[in-house]
Amino acid sequence: MKGSEALLKALEREGVEVIFGHPGGAIMPTYDALYDSKIRHILVRHEQGGIHAATAYARASGRVGVVMATSGPGALNLVTGLADAFMDSTPVVAITGNVPRALIGTDAFQEADVTGVTMPITKHNYLVQEVNDIPRVVREAFHIASTGRPGPVLIDLPKDVQLAEFTGTFDVELDLPGYKPTTKGHPKQIERALDALEKAERPILMVGGGAQHAHGELLAFAERTGIPVITTLMGLGAFPGNHPLWLGMPGMHGTVAANRAIHHADVILAIGLRFDDRVTGKVSRFAPHAHTIIHVDIDPAEIGKVVRTHVPIVGDAKLVLRELLKGAKPLKLAAWWRELEEWRTRHPLRWRPRPHLQSQEVIRAFHEATGGQAVVTTGVGQHQMFAAQFFPVSRPRSFITSGGLGTMGVGLPFAIGAKVARPEELVIDFDGDGSFQMTLQELATLVKYRLDVKVVILNNGYLGMVRQWQDLFHARRYSEVYLADSNPDFARLAEAYGIKGVRVERKEDLMKGVEAVLSADGPVVAEFKVYHEEGVFPMIPAGGAAEDMILEHPAEREEVEA
Amino acid sequence: MRHVISVLVQDHPRVLNRITGLFARRGFNLESLAVGTTHVPGLSRISLVVSGDDHTLEQVEKQLNRLIEVLKVTDHSEPHVERELALVKVHVAGVEERLAVKDIQEAFRARVVDVAQKSLILELTGDSKKVDSFIEALRPYGILEVMRTGAVAMSRGERTLKVREKREAV
Ligand SMILES: Cc1ncc(C[n+]2csc(CCOP(=O)(O)OP(=O)(O)O)c2C)c(N)n1
Ligand SMILES: [Mg+2]
């Protein structure tokens, strides 16, 4: 057996069913072995598409996503996606070929120091020097990627190691003396947390991506106590978006109710989130009335990193919530809820209707037509925020977006990964005209594997989010954000790939367009030409606080008041 | 504030890169670093001198602990021994200077490890402050070159850097 066959066998033993990848010289021995393997391979058209697809596969399924690429340029094309998976704590294993051992360090053809480059953007990485190490390295890589705080792990395999004769064993014991994640919260701290919550008058529950797998426990805990729930962008779906206890998303484009609740809360129970600056705004003004912040996270380094924490609980959200549930009691929060209700009904998410077709109404229409039963992916920009606001998902692992890194171009490859992971489900990619063009080559992947993904491009003809900032903070100097003069005809572009194209330009055609997308048998690329000067609101400007929230464009508000 | 941190690591390739890379990426201030193998095969020990406030130091420890190959991290706030080694080459023109330098050498309990016609190499061990003052004392005579190691540290008494104490990795 060759090293490459040993690799595939080790992957099979980890339960790997699918690999996203792209071949090339240094990984050819493994592709040769793949020819006889049971593992399914999805050939992408760019390695970045592969790593994003593997990331979404992991996020949508809860399993480890696997991506494979060749040395040098192939491996370096994974960099953005690895950083994206690292920031959003996603379990991915990346396998890259490298030049033969004897050539490493000689600037050989297609050589790059991939373990060096990816060191700060992976949870761990390996350069395999010895063929018999393959099973152990694969075992460790999957264990590290999927336990503790999940993250990407890269395995770099020199070509001659793939070709070498394997004489080792697959029965390897995990021996990672420096890696022992704490999963059970400390009972003393859990007791303190319950105590603080019981005495709280204005408690809130904030949850992030680290609670996606703990949705059942979360729901039970919230319903038992009656504490309002706020979900971050990464936490969307961890708590049902149609539940009366849900206040929405916090932060820069969060709801008024969520941000005011944080501002006035006296006790905050934060689970599986890392207080990103898009959530906190200016940290010194974040949650000024909270005398107790309870922070539950599996990564001790996140606790106390950004906000002062009074009750630190290192542990897995699911296990900690189970313990919390044991002591949870219904709380008397009627007065608090009266305030929250007032904010919620007074300031729901809404938009100012215009004669032109608008992104918000497009997304809302899809939400209504599907009953919210879809797996949603997005690009990055205004459309991403509109999707978060107007397509509230009610199931976990169903809103797959680039949170921490904000990577334009993830929408389509994320949709591919999500569809491969959950083939029975409707998968919609709400994308931007800018974002979509960063990875649109993956339309070919939809065709090749007949993946029924609905791509909905909210074409505003602009790098809209940048335009919005220029509008608000750079005196309307619209520097290099105009796309409409050179955008392709997206529907015809789709048709060139053999994919159904749909174009909707007028408000009155919205429902017909939605219907055309949803009723199509197979993939669709639908272009909705939306109003180009829309802004995402509410908005807390970067570095601001809840009190600085603006509810709509300042110029438009003046118009109303005048 | 200045802290001395000891880190026990698996001596895998690039483990030092991981640590220095972490300091660079997170903007932690690394004043000195010393590495060496230990009496246990496969384990190396690193001493780091770091400056920063309490919050930074807490992050330094926690971020180091996130590294898979890091087995144990200790911030030596307790009584500990700290040593640097320095080699100083001084210019000695005549007998008078030679005698004066010898006085300094004796006062600091340094050793002469190389004697040449116009120069001496002195070897000194001690904590950073002692090494600093030694260099200052020699400066008037014409220092030709200085090489000092990073500080190494060890807790006093029974306390040791044990593997099984690490719990909070992720
Ligand atoms: C790879 C990458 N480059 C640049 C940016 C900065 N950026 C953030 S949003 C945005 C505009 C996105 O435009 P589009 O996809 O059309 O979305 P819209 O905001 O118009 O809805 C840009 C350029 C980014 N997030 N990612
Ligand atoms: Mg756009």
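Every chain is numbered from 1 and lettered A, B, ... according to where its sequence line falls, protein lines coming before strand lines.
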Handout entry: B:R159 CZ: over 12 foreign heavy atoms closer than 6.0 Å
Key = no

Practice task
Would you check if the side chain of B:K62 reaches a backbone N or O of A:D299 as a donor-acceptor pair within less than 3.5 Å?
Solution key: no

Problem - Heavy atoms of other groups near A:K305 NZ, more than 12 under 6.0 Å - result: yes

Exercise for the section: Look at atom NZ of B:K89 and say whether more than 12 heavy atoms of other residues, nucleotides or ligands are closer to it than 6.0 Å. Expected result: no

Practice task
Inspect the surroundings of CE in B:M154 and state if more than 12 heavy atoms from other residues, nucleotides or ligands are less than 6.0 Å away.
Solution key: no

Practice task
Working to the nearest 0.5 Å, report the span between CZ of B:R66 and CD of A:E302.
Solution key: 6.0 Å

Handout entry: Part of B:E58 lying under 4.5 Å from any heavy atom of chain A
Key = side chain

Problem - Heavy-atom check, side chain of B:E69 versus side chain of A:H124, under 4.5 Å - result: yes

Handout entry: Region of A:N125 in contact with chain B, defined by heavy-atom distances below 4.5 Å
Key = both

Practice task
Measure the spacing between NZ of A:K180 and CG of B:N65 and express it to the nearest 0.5 Å.
Solution key: 12.0 Å

Problem - Spacing of A:K123 atom NZ and B:L67 atom CG [to the nearest 0.5 Å] - result: 11.5 Å

Handout entry: Atom CD of B:E106: over 12 foreign heavy atoms under 6.0 Å
Key = yes

Practice task
Below 4.5 Å from any heavy atom of chain B, which atoms of A:T115 appear? Answer side chain, backbone, both or neither.
Solution key: both

Practice task
Give the member of B:H12, B:R25, B:H55 that has the highest number of heavy-atom pairs under 4.5 Å with chain A.
Solution key: B:H55

Problem - Separation between CD1 of A:I144 and CD1 of B:I68, rounded to the nearest 0.5 Å - result: 4.0 Å

Handout entry: Heavy atoms of other groups near B:D53 CG, more than 12 under 6.0 Å
Key = yes

Handout entry: Whether over 12 other heavy atoms sit under 6.0 Å from B:R111 CZ
Key = no

Exercise for the section: Answer yes or no: does atom CZ of B:R109 have more than 12 heavy-atom neighbours from other residues, nucleotides or ligands under 6.0 Å? Expected result: no

Exercise for the section: Examine whether an atom of B:R18 lies under 4.5 Å from a heavy atom of chain A, and if so say whether it belongs to the side chain, the backbone or both; otherwise answer neither. Expected result: both

